[in-house]
Amino acid sequence: MYHIKTACVKQTKVDFPQVEQTRSICYGMSKRVNQANIIVRESVETALIELMKIKPFEEITICEIVKKAGVGRTSYYRNYFYKEDVLFSKMDDIAEEWSKQVDFAKSDICDKMLNLFERERPILELLYKNNLEFLMYKLVRKYFGVNENIENIPAYLLSFWSGAFFGWCDEWAKRGMQETPEELKQLLEKLNTQNKQ
């Protein structure tokens, strides 16, 4: 099911495969980098997150977002196709900035990602409160490198590990992120040691 944008009301779900193709093209175009566009994107992302603090995601309209952001609807649609795209873009920007600081050859990616999730806890809590955790799953898959351009066997393995890691983080988030990332890492190491015995 896909969302089609409508005037100033909630988005409507329809099942059209060509919508996803159009969405991919539009989302690719939305990553244009110029200062005015960056300001629009930051304003829209901040506005949606602020609105989600006081109202359920499903009830937020595009009109409310652009009004709070102080941007026009044209600027919104130049950058985003769906409301979910706004959140994924925000999370993707955070993760992209994080990935620039991580040496993937030397670092424990899972440990670093857990630290990122803890740091961005307020956004994660809003996602879970609004049943949007699939966006976190999509982000984990992206940073594990799962995509249609890799061969089958590596894709299956990456999908397995990203799914396992997401399951771990998903349960941690649903239980209120009570443990620190360091405690989770120690628990994982303990489980790994027990499995080897």
Side-chain angles (χ1 to χ4, degrees), residues 3 5 10-11 23 27 30-31 33 35 37-71 75-77 79-102 104 107-144 146 161-188:
H3 296 273
K5 57 188 182 232
K10 292 183 225 171
Q11 297 171 348
R23 178 182 184 188
Y27 187 72
S30 73
K31 285 290 189 177
V33 179
Q35 195 58 36
N37 209 44
I38 290 170
I39 292 168
V40 166
R41 292 173 65 82
E42 288 174 353
S43 298
V44 168
E45 291 166 3
T46 300
L48 179 55
I49 289 168
E50 290 302 312
L51 286 166
M52 287 174 65
K53 291 177 182 176
I54 57 173
K55 190 173 185 179
F57 179 79
E58 286 290 321
E59 294 177 14
I60 299 170
T61 66
I62 302 302
C63 285
E64 290 173 305
I65 296 169
V66 297
K67 183 178 179 182
K68 185 153 187 75
V71 302
S75 295
Y76 175 90
Y77 286 117
N79 289 281
Y80 306 104
F81 206 64
Y82 307 121
K83 292 186 300 185
E84 291 86 350
D85 291 340
V86 177
L87 292 173
F88 186 78
S89 176
K90 174 69 173 172
M91 293 171 57
D92 192 36
D93 289 346
I94 291 166
E96 196 171 308
E97 186 61 35
W98 160 82
S99 71
K100 290 176 186 174
Q101 301 167 11
V102 175
F104 288 97
S107 297
D108 179 357
I109 296 170
C110 294
D111 183 41
K112 300 292 185 191
M113 199 170 269
L114 285 171
N115 284 317
L116 172 69
F117 290 158
E118 183 178 55
R119 189 184 84 206
E120 299 301 332
R121 184 180 191 145
I123 293 174
L124 288 179
E125 287 173 346
L126 286 174
L127 292 178
Y128 275 85
K129 178 181 170 187
N130 288 278
N131 299 313
L132 296 167
E133 54 270 15
F134 71 90
L135 293 172
M136 189 171 104
Y137 178 61
K138 188 175 173 183
L139 188 72
V140 168
R141 287 178 57 84
K142 177 180 178 180
Y143 282 89
F144 267 77
V146 182
W161 287 113
S162 65
F165 180 72
F166 171 75
W168 183 272
C169 292
D170 182 55
E171 198 60 39
W172 180 46
K174 286 177 179 173
R175 292 173 182 261
M177 298 170 77
Q178 297 171 33
E179 299 83 6
T180 66
E182 186 58 38
E183 289 171 331
L184 284 179
K185 183 179 176 185
Q186 290 172 2
L187 178 59
L188 186 59

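Quantities reported herein were computed from a predicted structural model and do not represent experimental measurements. Atoms considered below: every heavy atom in the structure, side chains included; atoms not considered: hydrogens, waters and symmetry mates.
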Worksheet item: Does the Lys68 side chain pair with the main chain of Glu50, one donor and one acceptor, at a distance under 3.5 Å?
Response: no
Worksheet item: Below 4.5 Å, heavy atoms only, C-beta onward: do Ile62 and Tyr80 meet side chain to side chain?
Response: no
Practice prompt. Would you give the length of the straight line joining atom CZ of Arg41 to atom CG of Asp93, rounded to the nearest 0.5 angstrom?
Written response: 6.0 Å
Worksheet entry | Side chain proximity check, Asp92 to Leu139, heavy atoms < 4.5 angstrom | yes
Worksheet entry | Note, Val86 side chain near Ile65 side chain (heavy atom, < 4.5 Å) | no
Worksheet item: Taking only residues two or more places apart in sequence, or in another chain, which ones meet Glu183 in a side-chain hydrogen bond (donor to acceptor under 3.5 Å, both in side chains)?
Response: none
Worksheet item: Is the backbone of Leu126 close enough, under 3.5 Å, to the side chain of Asn130 for a donor and an acceptor to pair up by distance?
Response: yes
Worksheet item: Distance-only, no hydrogens or angles: does the Tyr143 side chain make a donor-acceptor pair with backbone N or O of Glu96 under 3.5 Å?
Response: yes
Item to complete: Given side chain to side chain donor-acceptor pair (under 3.5 Å), test Ser89 with Glu45 step by step and report yes or no.
Response: CA-CA 8 Å; Ser89 176; Glu45 291 166 3; 3.0 Å; yes
Fill in: Phe165 and Leu114, any side-chain heavy atoms less than 4.5 Å apart
yes
Worksheet item: Which heavy atom in Trp172 sits nearest to a heavy atom in Gln178, and how many Å separate them?
Response: NE1-N, 4.0 Å
Worksheet item: Within a strict 4.5 Å, meaning less than it, do heavy atoms of the Lys129 and Phe57 side chains meet?
Response: no
Practice prompt. Could you walk me through whether Leu132 and Phe88 pass the side chain to side chain contact (heavy atoms under 4.5 Å, CB included) test, one step at a time?
Written response: CA-CA 10 Å; Leu132 296 167; Phe88 186 78; over 6 Å; no
Discussion item. For a quick test of reading the model, state the closest non-hydrogen atom pair linking Asp170 to Met136 and the distance between them.
Written reply: N-CE, 4.0 Å
Fill in: Qualifying residues under side-chain hydrogen bond (donor to acceptor under 3.5 Å, both in side chains), relative to Lys55, sequence neighbours excluded
Glu64
Fill in: pair Val140-Trp168: side-chain heavy atoms closer than 4.5 Å
no
